[in-house]
Visitor: 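Right, I'll just put the structure down here and ask away after.
Whatever order the structure lists ligands and atoms in, that order sets their numbers, starting from 1.
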Amino acid sequence: MAKFDLTGKRVFVAGHRGMVGSAIVRRLGQENCEVLVIDRSEVDLRDQHAVRSWFARERPETVLVAAAKVGGILANNIYPADFLYDNVMIEANIIEASHRSDVDKLLFLGSSCIYPKFAPQPIREDALLTGPLEPTNEWYAIAKITGIKLAQAYRRQYGRDYISAMPTNLYGPGDNFDLQSSHVLPALIRKAHTAKISGLESMEIWGTGSPRREFLHVDDLANACIFLMKTYSEEVHVNVGTGVDISIAELAEMVAAVVGFSGSIVYDNSKPDGTPRKLMSSDLLQGLGWKPHIALKDGIEATYNWYLAEEETNRRIGSSGPVWFRG
Ligand SMILES: NC(=O)C1=CN([C@@H]2O[C@H](COP(=O)(O)OP(=O)(O)OC[C@H]3O[C@@H](n4cnc5c(N)ncnc54)[C@H](OP(=O)(O)O)[C@@H]3O)[C@@H](O)[C@H]2O)C=CC1
Ligand SMILES: C[C@H]1O[C@H](OP(=O)(O)OP(=O)(O)OC[C@H]2O[C@@H](n3cnc4c(=O)[nH]c(N)nc43)[C@H](O)[C@@H]2O)[C@@H](O)[C@@H](O)C1=O
């Protein structure tokens, strides 16, 4: 298929207030296109009628699906119904409404958790559906696999150019720093910062510290999304990562060093480790000509600075809770 041109297009970013959606909106500022967004208070994306009506009225020409029920290992484990139901409804409604409204280009965002818990490393795209999932996030994973399959099904049955990208663990400005529902990297920033300013001797982290994860800055992801929108038109989903992973223990040391916390790190083994390792193969995406630019340490420094600025803003406006607290 021909390369896709965003120029002059009405581009709907679903989930524009989230970490990924807001990064995509920032990145689209470099394109000559019109960005459309919806507030959740106006349209709950789980509501089929509301979604269809909005599409019929606003007529987007292309769509990026960054809306989802998202959370770290604990939230995924505690709220399986929300992670399955919300995500299936959001993606099914948006993909079906896009087809009805004749949207021909759509990018669906999944997650590296779609792959089997013990997939061979680095995990290639063809590892999908080759083995059992990690139990802490199988509900979310099944919803995300459904999203990939929906995009493929509309391509096969209706010839739609609907593509899917599978990001690795993400972080950056706009992340969720609530300790119960967040992912590990923002949690470690907040824990190290709290321990530092409280003069604590230690900070506690979950699990054994031995699991390995791959981390990508959200601005790199946003770049990859636009790159794929413009250049990619195949049925197979595309992994988006750095190709490099790190243990949670090493990550905790790195975050503590950036934040300036010099106490000890204590492991709470009652919390789950989850998948032992999920390093994705980046061969497909890098073969297409894309690569990330933000090194992990630089990205953590920038994210910590963003966190401090948010905290300062809250202090100045006398907010009862930080704006980044989503508990
Ligand atoms: N964060 C990560 O590490 C990773 C994320 N991803 C994927 O990237 C995408 C975005 O994630 P991320 O930005 O981190 O998540 P966020 O939680 O930051 O953002 C999710 C967005 O979806 C919106 N949303 C959720 N439910 C509804 C609903 N029912 N109706 C309307 N809007 C809704 C939220 O709206 P509101 O702001 O109003 O709450 C929010 O804007 C997801 O598809 C996720 O699976 C993939 C891999 C890793
Ligand atoms: C993106 C991805 O994110 C999730 O999968 P995950 O990678 O397992 O998620 P996580 O970031 O929460 O944890 C990574 C590792 O870090 C350890 N860990 C230590 N200390 C803290 C801590 O304080 N908080 C958290 N959250 N984890 C901690 C934790 O025990 C685990 O070993 C799923 O939502 C999945 O569906 C998904 O898509």
Visitor: Counting only nitrogen or oxygen atoms and a 3.5 angstrom limit, does P167 reach ligand 1?
Guide: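 N/O-N/O distance under 3.5 Å: no.
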Visitor: Using a strict cut-off of 4.0 Å, indicate which atoms of ligand 1 neighbour a heavy atom of T168.
Guide: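 Taking each heavy atom of T168 in turn, ligand 1 has 47 (C), 48 (C) under 4.0 Å.
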Visitor: If only atom types and distance count, is the side chain of E214 paired as donor or acceptor with the main-chain N or O of G243 below 3.5 Å?
Guide: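 Here the side-chain-to-backbone pair exists.
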Visitor: May I ask whether V11 and F55 are part of the same hydrophobic cluster, defined by side-chain heavy atoms of I, L, V, M, F, W, Y residues being less than 4.5 angstrom apart, directly or through others?
Guide: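 Different hydrophobic clusters.
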Visitor: Hey, does Y140 come in under 3.5 Å of ligand 1, counting only N/O atoms on both sides?
Guide: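 N/O-N/O distance below 3.5 Å exists for this pair.
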Visitor: Applying the salt bridge (charged side-chain N to carboxylate O under 4.0 Å, His left out) test to E235, which of R155, R156, K149, R160 qualifies?
Guide: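 Of all the options given, the one that passes is R156.
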Visitor: Could you verify whether a donor N or O on one side chain and an acceptor N or O on the other, from Y304 and H193, lie under 3.5 Å apart?
Guide: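 Side chains of Y304 and H193: pair found under 3.5 Å.
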Visitor: Determine, using the 4.5 Å side-chain heavy-atom cutoff (strictly less than), whether W306 and V258 are members of one ILVMFWY cluster.
Guide: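 Yes; V258 is reachable from W306 via cluster members.
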Visitor: Please check this pair: side chain of R52 against backbone of E96, looking for a donor-acceptor N/O pair closer than 3.5 Å.
Guide: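 Here the side-chain-to-backbone pair does not exist.
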Visitor: Show which atoms of ligand 1 fall inside a sub-4.0 Å distance from at least one heavy-atom site of A67.
Guide: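 Answer for ligand 1: 22 (O).
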Visitor: What I want to find out is whether E204 reaches K271 closely enough, with some N-O distance under 4.0 Å, to be called a salt bridge.
Guide: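 Salt bridge absent between E204 and K271.
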Visitor: For M166 and ligand 1, answer yes if some heavy atom of the residue is under 4.0 Å from a ligand atom, otherwise no.
Guide: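 Under 4.0 Å: no for M166.
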Visitor: Does the N or O separation between M19 and ligand 1 drop below 3.5 Å for any pair?
Guide: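 It does: an N or O of M19 is found under 3.5 Å from an N or O of ligand 1.
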Visitor: Going by the closest heavy atom to atom 6 (N) of ligand 1, which one wins out of A68, G110, S182, S22?
Guide: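 Of the listed residues, G110 has the closest heavy atom.
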Visitor: Parallel, tilted or perpendicular: which one describes the rings of F12 and W54, with boundaries at 30° and 60°?
Guide: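 Tilted, since the angle between the ring planes falls between 30° and 60°.
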Visitor: In terms of side-chain geometry, is the basic nitrogen of E311 or R315 positioned less than 4.0 Å from the acidic oxygen of its partner?
Guide: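 The answer is no: the pair does not qualify as a salt bridge.
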Visitor: Less than 3.5 Å between some nitrogen or oxygen of L45 and one of ligand 1, yes or no?
Guide: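 Checking ligand 1 against L45, an N or O pair does fall under 3.5 Å apart.
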Visitor: If hydrophobic clusters are built by linking Ile, Leu, Val, Met, Phe, Trp and Tyr wherever their side-chain heavy atoms come under 4.5 Å apart, do M280 and F215 end up in the same one?
Guide: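 M280 does not cluster with F215.
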Visitor: Between K117 and E138, does any side-chain N to carboxylate O distance fall below 4.0 Å?
Guide: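 Salt bridge: no.
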Visitor: Which of the numbered atoms in ligand 1 are under 4.0 angstrom from any heavy atom belonging to G18?
Guide: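 Answer, ordered by atom number: 13 (O), 16 (P), 18 (O), 19 (O), 40 (C), 41 (O).
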Visitor: Would you say R17 has any N or O atom under 3.5 Å from an N or O of ligand 1, going by distance alone?
Guide: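 There is such a contact, yes.
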Visitor: If I apply the N/O under 3.5 Å rule, does D44 come out as touching ligand 1?
Guide: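 Yes - when backbone and side-chain N and O of D44 are compared with those of ligand 1, one distance drops under 3.5 Å.
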Visitor: Without swapping roles, check the side chain of S198 against the backbone of L200 for a donor-acceptor pair under 3.5 Å.
Guide: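 Such a contact is absent between S198 side chain and L200 backbone.
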Visitor: Return the option from K144, R46, R40 holding the heavy atom at the smallest distance from atom 39 (O) of ligand 1.
Guide: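 Nearest option to atom 39 (O) of ligand 1, by heavy atoms: R40.
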Visitor: For ligand 1, which atoms, with element, lie under 4.0 Å from some heavy atom of V20?
Guide: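 Answer, ordered by atom number: 8 (O), 10 (C), 11 (O), 12 (P), 13 (O).
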Visitor: Would you say L109 touches ligand 1, if touching means a heavy atom closer than 4.0 Å?
Guide: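 It does; at least one heavy atom falls under 4.0 Å.
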Visitor: Every pair of nitrogen or oxygen atoms between ligand 2 and the protein that is under 3.5 angstrom apart - can you list them with their distances to 0.1 Å?
Guide:
| from | atom 1 | to | atom 2 | distance (Å) |
| --- | --- | --- | --- | --- |
| ligand 2 | 3 (O) | H183 | NE2 | 3.3 |
| ligand 2 | 5 (O) | K278 | NZ | 3.4 |
| ligand 2 | 7 (O) | N169 | ND2 | 2.9 |
| ligand 2 | 7 (O) | R213 | NE | 2.7 |
| ligand 2 | 7 (O) | K278 | NZ | 3.2 |
| ligand 2 | 8 (O) | R213 | NH2 | 3.0 |
| ligand 2 | 11 (O) | V184 | N | 2.8 |
| ligand 2 | 12 (O) | I73 | N | 2.8 |
| ligand 2 | 20 (N) | W206 | N | 2.9 |
| ligand 2 | 23 (O) | K191 | NZ | 2.7 |
| ligand 2 | 26 (N) | S182 | O | 2.9 |
| ligand 2 | 30 (O) | P272 | O | 2.7 |
| ligand 2 | 32 (O) | D273 | O | 2.6 |
| ligand 2 | 34 (O) | G71 | O | 2.5 |
| ligand 2 | 34 (O) | N76 | ND2 | 2.6 |
| ligand 2 | 36 (O) | N137 | ND2 | 3.4 |
| ligand 2 | 38 (O) | S111 | OG | 2.5 |

Visitor: Tell me, yes or no, whether the heavy-atom count around E312 atom CD, taken from other residues, nucleotides or ligands under 6.0 Å, exceeds 12.
Guide: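 Yes, the 6.0 Å shell around CD holds more than 12 heavy atoms from other groups.
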Visitor: Counting only heavy atoms, which portion of F215 has something under 4.0 Å from ligand 1: side chain, backbone, both, or neither?
Guide: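 Neither; nothing of F215 gets under 4.0 Å from ligand 1.
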Visitor: Quick one: does N176 get a heavy atom under 4.0 Å from ligand 1?
Guide: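 Checking ligand 1 against N176, which is what was asked, there is no heavy-atom contact under 4.0 Å.
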Visitor: For ligand 1, find out whether one of its N or O atoms is nearer than 3.5 Å to an N or O atom of V70.
Guide: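 Min N/O separation from ligand 1 is not below 3.5 Å for V70.
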Visitor: How would you list all residue pairs meeting side chain to side chain donor-acceptor pair (under 3.5 Å) that involve residues 55-77, not counting sequence neighbours?
Guide: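 Listed once each, the pairs would be none.
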Visitor: Please tell me whether N239 and Y115 have a donor and an acceptor in their side chains that are separated by less than 3.5 angstrom.
Guide: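 There is such a pair (donor and acceptor under 3.5 Å, judged by atom type) between the side chains of N239 and Y115.
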Visitor: Given that the side chain starts at C-beta and the backbone is N, CA, C, O, which of these parts of I38 lies under 4.0 Å from ligand 1, counting heavy atoms, or is it both or neither?
Guide: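 Near ligand 1, I38 shows nothing, with every heavy atom at 4.0 Å or more.
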Visitor: Nearest to atom 3 (O) of ligand 1 by heavy atom, L170, I94, D82: which?
Guide: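 Result: the heavy atom closest to atom 3 (O) of ligand 1 is in L170.
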Visitor: Hey, what do you get for CG (L109) to CG (L221), rounding to the nearest 0.5 Å?
Guide: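 Here the rounded value is 6.0 Å.
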Visitor: Any nitrogen or oxygen of S112, side chain or backbone, less than 3.5 Å from one on ligand 1?
Guide: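 No; the residue has no nitrogen or oxygen that sits under 3.5 Å from a nitrogen or oxygen of the ligand.
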Visitor: Give a yes/no on ligand 1: does V218 have at least one heavy atom closer than 4.0 angstrom to it?
Guide: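 No, that is not the case, since the closest heavy atom of the residue is not under 4.0 Å from the ligand.
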